Amino acid sequence: MVYQDLIEQYAEANNLRPAYVAAIILNESSYRTDAESSVGARGLMQLMPDTGAWLAGKLDMENFDADDLFDPATNIRLGCYYLSYLEERLEDRELVLAAYNAGMGNVRKWLQDERYSDGVQLLSIPIKETENYVEKTLRTYEKYEELYP
């Protein structure tokens, strides 16, 4: 597990399983610190600059710059805090991963739409990329739990 010390430090600080964080990093960036998506998400956990700035403000990190998202410690710190934030609001791991990938607004809309939800849980995810992301990340998480219990 690359960046294991940072993953463990920030996972613990945010009540997350390190294997869960590692699975997200693998599926988001393949552990490439310089990863940047076509929409501008950056770094190991693929955070958008606006999201990074918002999270940095919540953590009282002064002088945040979008390029800080390429720094492993900063990215993992912010990404773990964001995951914890999502978990507090959504409680279900599949919902959290869907929100991490497609945004909290989309997940809330899907939960209110009887085509996709029973009102509590998603029955299907209307964006194929997000559905694949959730499934792949959960599989990776299971593997990491086996390797790093």
Side-chain angles (χ1 to χ4, degrees), residues 1-111 116 120-122 125-149:
M1 187 186 318
V2 184
Y3 304 108
Q4 185 169 353
D5 291 343
L6 290 172
I7 290 169
E8 289 176 354
Q9 175 186 349
Y10 292 116
E12 182 179 330
N14 290 282
N15 298 313
L16 301 167
R17 300 279 303 153
Y20 180 47
V21 175
I24 290 168
I25 291 172
L26 179 66
N27 290 324
E28 288 287 347
S29 67
S30 298
Y31 288 96
R32 288 186 27 244
T33 58
D34 64 344
E36 188 165 6
S37 75
S38 59
V39 296
R42 295 177 172 195
L44 293 169
M45 296 186 76
Q46 287 293 280
L47 298 169
M48 293 296 290
D50 288 348
T51 303
W54 175 71
L55 295 167
K58 291 200 128 331
L59 291 171
D60 296 323
M61 294 172 64
E62 296 183 14
N63 304 315
F64 174 81
D65 182 88
D67 286 342
D68 294 342
L69 293 172
F70 294 118
D71 172 64
T74 300
N75 193 282
I76 294 170
R77 179 181 180 196
L78 295 175
C80 285
Y81 181 81
Y82 187 47
L83 278 174
S84 177
Y85 172 88
L86 292 173
E87 289 211 347
E88 286 175 14
R89 282 146 186 82
L90 296 170
E91 298 175 13
D92 177 86
R93 183 147 287 150
E94 287 185 21
L95 293 177
V96 169
L97 290 171
Y100 195 88
N101 181 263
M104 177 80 94
N106 280 328
V107 170
R108 284 191 174 136
K109 281 190 287 189
W110 300 336
L111 284 170
Y116 311 119
V120 176
Q121 202 166 342
L122 289 178
I125 297 173
I127 299 175
K128 192 67 175 166
E129 174 192 334
T130 300
E131 179 182 45
N132 291 341
Y133 173 82
V134 170
E135 290 173 6
K136 183 178 178 184
T137 303
L138 289 173
R139 279 194 314 272
T140 305
Y141 172 50
E142 287 176 19
K143 281 288 185 204
Y144 271 125
E145 278 293 322
E146 289 174 18
L147 294 170
Y148 305 99

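Fair warning: this is a prediction, and the values are worked out from it, not measured in the lab.
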Which pairs, with at least one residue in residues 129-149 and sequence neighbours excluded, count as a ring-ring contact (aromatic ring centres under 6.0 Å, His included)?
Y20-Y141, Y144-Y148
Check: I7 and V2 side chains under 4.5 Å, non-hydrogen atoms:
no
Can you tell if the side chain of L122 reaches within under 4.5 Å of the side chain of L111, non-hydrogen atoms only?
yes
Which heavy atom of P49 sits nearest to which heavy atom of L69, and what is that distance?
CA-CD1, 3.8 Å
Can you list the residues that meet the side-chain contact (heavy atoms from CB on, under 4.5 Å) rule with Q121, with sequence neighbours excluded?
D92, D118
Would you find more than 12 non-hydrogen atoms of other residues, nucleotides or ligands less than 6.0 Å from D34 atom CG?
yes
Checking L6, L55, V21 against C80 for side-chain contact (heavy atoms from CB on, under 4.5 Å), the one that qualifies is V21
Checking T74 against D68: is there a side-chain donor and acceptor pair closer than 3.5 Å?
no
Main-chain N/O of V39 paired with S37 side-chain donor or acceptor, under 3.5 Å:
yes
Would you indicate whether E12, at its atom CD, is surrounded by more than 12 heavy atoms from other residues, nucleotides or ligands within a distance under 6.0 Å?
no
Partners meeting side-chain hydrogen bond (donor to acceptor under 3.5 Å, both in side chains) with E145 (sequence neighbours left out)
R17
Got I24 and Q46 here, is their nearest side-chain heavy-atom distance under 4.5 Å?
no
Expected output: side-chain E94 to main-chain V134 donor-acceptor under 3.5 Å
no
If you look only at pairs with a residue in residues 56-65, which of them pass as a side-chain hydrogen bond (donor to acceptor under 3.5 Å, both in side chains), with sequence neighbours excluded?
none
Does any part of the side chain of L90, heavy atoms only, come nearer than 4.5 Å to the side chain of M104, both counted from C-beta?
yes
A side-chain contact here means heavy atoms from C-beta on lying under 4.5 Å apart; do I127 and N101 qualify?
no
Atom pair CG (L138) and CG (N27), whose distance is rounded to the nearest 0.5 Å:
9.5 Å
Partners of N15 by side-chain hydrogen bond (donor to acceptor under 3.5 Å, both in side chains), sequence neighbours excluded?
none
Output the distance between atom CD (E8) and atom CG (L16), rounded to the nearest 0.5 Å.
13.0 Å
If I take atom CD1 from residue I76 and atom CG from residue L83, how far apart are they, to the nearest 0.5 angstrom?
11.5 Å
N75 (side chain) donor-acceptor with L47 (main chain) under 3.5 angstrom:
no
Looking only at heavy atoms, which two atoms of T130 and A102 are closest? And how far apart?
OG1-CB, 3.4 Å
On a heavy-atom basis, which atom in P72 and which in T33 lie closest, and how many Å separate them?
CG-CG2, 3.5 Å
So, taking the atom named CD in E87 and the one named CG in L95, what distance separates them when rounded to the nearest 0.5 Å?
10.5 Å
Ignoring hydrogens and geometry, is there a side-chain-to-backbone donor-acceptor pair from S29 to L44 under 3.5 Å?
yes
Do other residues, nucleotides or ligands put more than 12 heavy atoms under 6.0 Å from R89 CZ?
yes
What's the shortest heavy-atom distance between W110 and P126, and which atoms?
NE1-CG, 3.2 Å
Min side-chain heavy-atom separation Y116-I125 under 4.5 Å:
no
Please step through salt bridge (charged side-chain N to carboxylate O under 4.0 Å, His left out) for the pair E131 and K128, ending with a clear verdict.
CA-CA 5 Å; E131 179 182 45; K128 192 67 175 166; 3.0 Å; yes
Inter- and intrachain pairs under ring-ring contact (aromatic ring centres under 6.0 Å, His included), touching residues 52-84, at least two apart:
W54-Y85, Y82-Y100
